[in-house]
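What follows is a short report on a single structure.
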Amino acid sequence: MSQEDWMWQMQNRITDLATLKNHITLSAEEESVFQAAQEQFSFSITPYYLSLLDPTNPTCPIRKQVLPRSSELVRAENEWEDPLAEQIHMPIKGVTHRYPDRAIWYISHICAVYCRFCTRKRKVSKPTETPNREEWREALEYFRNHTEIKEVILSGGDPLTLSDQHIDYLLGELSAIDHINHLRIHTRYPVTMPMRITDSLCGIFSKYFPLYIVTHFNHPKELTQEVKVAVTKLIQKGNVTLLNQSVLLKDVNDTVEILEELNYKLVRFGIKPYYLHQCDEVYGSSGFVVPIEDGIRLMYDIRGRMSGLTVPNYVKDLTGGGGKVLLGPNYLIEKKESSYLFKNFNGGEYEVTH
Ligand SMILES: *Cc1c(COP(=O)(O)O)cnc(C)c1O
Ligand code: SF4
């Protein structure tokens, strides 16, 4: 097996401090918190993603996403195990059905690389949480019986951890349900292990058009030549439509320049920026949070200078399970008798009759 093989990447993931220290120099802070942080949420990185990380500089934006820092051991008052109350909205194990027309199905709790800000770290990385065959059967039965469901989102963990054969089976069962309009997959493997995007996987995807894949790029450094090859394959062989969600992360991507470069590059690769998420209030996340008003200001600057195609929606998933809300500068200047006066994206004004 070669480094170009995703199974090699999985088998050669770095998961402990001693091995990691053979590859990079850790700061005193990183080293001192590593063990304690790993007890709360596993550490893992693929050799590929490690190669993007600056081996000596603790401020590297790739490093910040994957190496625990001391803030991760602090539990702030507003932080939760399950900030989006996904467990409560679970009619059956492994399925969250909060919006009537779509359901999320967590089909794997394994990821090749663990992001320290993960919303689902309460269960991600714990193999016992991965659904078994009986649970697959129950979930499929649930989707068949609930005719209001138009979309099933395969998520995790990373759903592309499953074998090609299992992915083919699940997509096949889902696409055979009449009321399902289209399917969606949320995966970070195009970012952390682009070699997972093989010809045979793309051959499977091409059978299930229209299939939407939402990736998770947070920084322009992640858009490498290897990624370009994988993404091109997904589009041309898999006939997939690609979208991206990013998380707004302090000292990773919280400047206009980085967001501009990231989103232009995504569009150049053929990926439409979909969401920019406000970081969820999960325990240990305080080091990543950008205040909402700073996020709104960033979006305001971006909207004024960038093609609309490159601009994601800035959203927050409400803590406690209220769902997503759009965050934006408050464009409303004045409510008149029969119209609204809005600021437009360039600082001008326009009027809308109501
Ligand atoms: C985010 C989310 C979805 C997907 O929402 P879209 O706006 O369609 O991307 C679906 N269900 C839950 C519970 C979610 O949190
Ligand atoms: S890829 Fe997604 S599910 Fe996996 S650790 Fe990162 S944020 Fe969590």
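Order of appearance sets the numbers: ligands from 1, and atoms from 1 within every ligand. Computed from heavy atoms alone, side chains included, the values below leave out hydrogens, waters and symmetry copies.
Around atom CZ of Arg268, no more than 12 heavy atoms belonging to other residues, nucleotides or ligands sit under 6.0 Å away. By the neighbour-count criterion of 12 heavy atoms within 6.0 Å, atom NZ of Lys123 is densely surrounded, having more than that number from other residues, nucleotides or ligands. Other residues, nucleotides and ligands place more than 12 heavy atoms under 6.0 Å from the NZ atom of Lys207.
The residues lining ligand 1, counting any heavy atom closer than 4.0 Å, are Thr96, Arg98, Tyr99, Arg102, Ile104, Ile153, Arg184, Tyr274, Tyr275, Asp317, Lys324.
Only protein N, O or S atoms were considered, and those under 2.8 Å from atom 6 (Fe) of ligand 2 are Cys115 SG.
The ring of Tyr314 has its center no closer than 6.0 angstrom to the ring center of His277. Taking the six-membered ring for Trp and the full ring otherwise, the centers of Phe43 and Tyr114 sit at least 6.0 Å from each other.
A cation-pi geometry, defined here as NZ or CZ lying under 6.0 Å from the six-membered ring centre and within 45° of its normal, holds between Arg102 and Tyr99. Relative to the six-membered ring of Phe288, Arg69 meets both conditions, a distance below 6.0 Å and an angle of at most 45° to the axis.
Checked by atom type and distance alone, the side chain of Glu135 pairs as donor or acceptor with a backbone atom of Asn132 at under 3.5 Å.
In this structure, a donor-acceptor pair under 3.5 Å is absent between the side chains of Thr310 and Asn263.
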